[in-house]
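Accompanying notes for the structure given below.
Note that this is a predicted model, so its numbers are computed, not measured.
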Amino acid sequence: MSVGPDPSLVGPGTRALVTGASSGIGEALALLLASRGAIVGLVARRQDRLDRVLEQCRDAAPESRAWVADLADLDRAEQVALEAWGAFGGVDVLVNNAGMPKRRHVTRLTAAEVGHVLRVNFEAPVRMTLALLPRMLERDRGTIVNVSSLAGRLGVLHEAAYCASKSALCGWSEAMAIDLSGTGVRVRLVNPGPIDTEIWSLPGNEDPIYDGPKVPAEECAQGIVAATEGDAFETYLPDLKAIVEAKTAAIDQFIAGSAQMEGAAARATRP
Ligand SMILES: NC(=O)c1ccc[n+]([C@@H]2O[C@H](COP(=O)([O-])OP(=O)(O)OC[C@H]3O[C@@H](n4cnc5c(N)ncnc54)[C@H](OP(=O)(O)O)[C@@H]3O)[C@@H](O)[C@H]2O)c1
């Protein structure tokens, strides 16, 4: 009996579709996957940035391709997933990494803004997953990696919209992993903590309150590959799971402590 390559391993010929590959974690991940011989599909809005990443990916993996798409357009998100499947003859790993911040006090959020964040951070991954899932199940193999956030497992001040979108992604991933257990399709949930990317300085957001250390995007990308290949459903990068466990054990103290940070932040920014 011949034993083929382990489909859970990222290696030569693995076909990986990475959203949000024009910068930050997605860019670092795309380059890392390509360096390991994977054929990479890149998705984002900024064509110039995608072109630059694609050029580097093609040095190692010439069949790599890019799709320019605004994933807030959910029909387009689904279309890109299907186009990538067609172009590559299948997708082994779908990494739903694209995401937008929304650092805004809840009283300064509009319903339309919340809806937009939910579309990009939650509904687009859902649409891309549902487009590819029947095909993956038919082949009985595939890995869906959802890049959520520490903020998907705990509330962060001034990030209600972002937290809602990321906790939706956590819940969706967890329930999907249960539904798909026993099939060849694996689900992986990655919750980054503070990673050094553009997300901290994008326009349309209030200044971040957090100003502590941040992990390089390349280190986070290595962790995502390890999570993709490993057996654990959920991975925190860096490992800040203890914070989530502490808040779950004492939610009222967590809210009170966070509210004190809010007061301190307000005093610091008061003219
Ligand atoms: N950095 C952190 O501290 C941190 C912590 C926890 C979780 N995360 C998560 O990690 C993921 C990657 O973020 P990052 O830190 O690498 O930030 P980033 O450098 O800002 O990257 C975000 C990526 O998503 C893409 N994107 C955003 N909106 C999009 C849209 N409407 N349609 C298509 N693509 C879109 C961006 O590309 P275009 O602008 O070119 O479209 C970019 O490639 C996100 O899901 C984020 O929530 C990051």
Side-chain angles (χ1 to χ4, degrees), residues 20 24-25 72 96-126 145-177 187-215 220 223-224 227 232-270:
I25 298 168
N96 289 307
N97 164 77
M100 63 177 293
K102 187 53 71 181
R103 285 185 302 276
R104 190 86 58 80
H105 190 280
V106 67
T107 56
R108 294 186 282 276
L109 279 172
T110 66
E113 284 167 340
V114 177
H116 186 226
V117 177
L118 283 166
R119 274 202 305 285
V120 174
N121 292 359
F122 173 58
E123 291 185 68
V126 168
V145 181
N146 288 334
V147 179
S148 180
S149 172
L150 187 64
R153 293 300 199 189
L154 51 76
V156 179
L157 66 167
H158 296 202
E159 299 205 36
Y162 183 76
C163 288
S165 67
K166 291 298 188 176
S167 58
L169 192 58
C170 288
W172 160 264
S173 305
E174 195 171 310
M176 184 167 56
V187 181
R188 298 290 176 258
L189 175 65
V190 176
N191 298 326
I195 313 296
D196 193 6
T197 70
E198 295 171 12
I199 207 167
W200 294 90
S201 56
L202 290 176
N205 292 279
E206 294 174 1
D207 288 341
I209 290 166
Y210 177 81
D211 66 352
K214 300 189 185 92
V215 171
C220 184
I224 294 175
F233 161 69
E234 185 168 22
T235 302
Y236 289 83
L237 296 170
D239 187 0
L240 297 173
K241 187 179 173 190
I243 298 178
V244 176
E245 288 172 343
K247 86 95 196 193
T248 306
I251 184 70
D252 293 317
Q253 285 96 319
F254 175 79
I255 290 172
S258 296
Q260 277 178 2
M261 279 170 65
E262 158 76 55
R267 280 192 297 280
T269 54
R270 200 171 288 145

Inset, instruction - For the residue pair C220 and I224, establish whether any side-chain heavy-atom pair is separated by less than 4.5 Å. - result: yes
Legend entry - Over all atoms of both residues, closest heavy-atom pair of A160 and L109: CB-CD1, 4.4 Å
Inset, instruction - Could you pull out all residues at least two apart from F233 that satisfy ring pair (Phe, Tyr, Trp, His ring centres under 6.0 Å)? - result: none
Legend entry - Test item: W200 and P194 side chains (from C-beta on) under 4.5 Å apart, heavy atoms: yes
Inset, instruction - For N121 and L118, indicate whether the former's side chain and the latter's backbone hold a donor-acceptor pair under 3.5 Å. - result: no
Inset, instruction - Using a 4.5 Å cut-off on heavy atoms from C-beta on, say whether the side chain of P192 contacts that of L150. - result: no
Inset, instruction - Using modelled atom types only, decide if a donor and an acceptor are shared between the side chain of R188 and the backbone of V145 within a distance under 3.5 Å. - result: no
Legend entry - side-chain contact (heavy atoms from CB on, under 4.5 Å) assessment of M100 paired with V117: CA-CA 7 Å; M100 63 177 293; V117 177; 4.1 Å; yes
Inset, instruction - List the atom of V120, the atom of A72, and the distance in Å for their closest heavy-atom pair. - result: CG2-CB, 3.7 Å
Legend entry - Pair V190-S148, side-chain contact (heavy atoms from CB on, under 4.5 Å): steps then yes or no: CA-CA 6 Å; V190 176; S148 180; over 6 Å; no
Legend entry - Pairwise side-chain contact, M176 with V187, heavy-atom cut-off 4.5 Å (strictly under): yes
Inset, instruction - Please state whether the rings of H105 and H158 are parallel, tilted or perpendicular, taking 30° and 60° as the class boundaries. - result: perpendicular
Inset, instruction - Applying side-chain contact (heavy atoms from CB on, under 4.5 Å), name anything that partners A151, two or more places apart in sequence or on another chain. - result: S149, V156, Y162, C163
Inset, instruction - Heavy atoms only: give me the nearest D196-K214 pair and the separation to one decimal. - result: N-CB, 3.7 Å
Inset, instruction - Determine whether L189 and T235 make a side-chain contact, defined as any pair of heavy atoms from C-beta on separated by less than 4.5 Å. - result: no
Legend entry - Separation between CG of L169 and CD of E123, rounded to the nearest 0.5 Å: 12.0 Å
Legend entry - Contacts of type ring pair (Phe, Tyr, Trp, His ring centres under 6.0 Å), residue H116, not counting sequence neighbours: none
Legend entry - Residues forming a side-chain hydrogen bond (donor to acceptor under 3.5 Å, both in side chains) with S201, sequence neighbours excluded: none
Legend entry - Residue pairs involving residues 102-117 (criterion salt bridge (charged side-chain N to carboxylate O under 4.0 Å, His left out); sequence neighbours excluded): R104-E113, R108-E206
Indicate every side-chain donor-acceptor pair of residues 237-247 with a distance under 3.5 Å to a residue at least two apart or in another chain.
| unit_1 | atom_1 | unit_2 | atom_2 | d |
| --- | --- | --- | --- | --- |
| D239 | OD1 | K241 | N | 3.3 |
| K247 | NZ | R153 | O | 3.3 |

Legend entry - Minimum heavy-atom distance between V114 and A161, given as atom pair plus value: CG2-CB, 4.1 Å
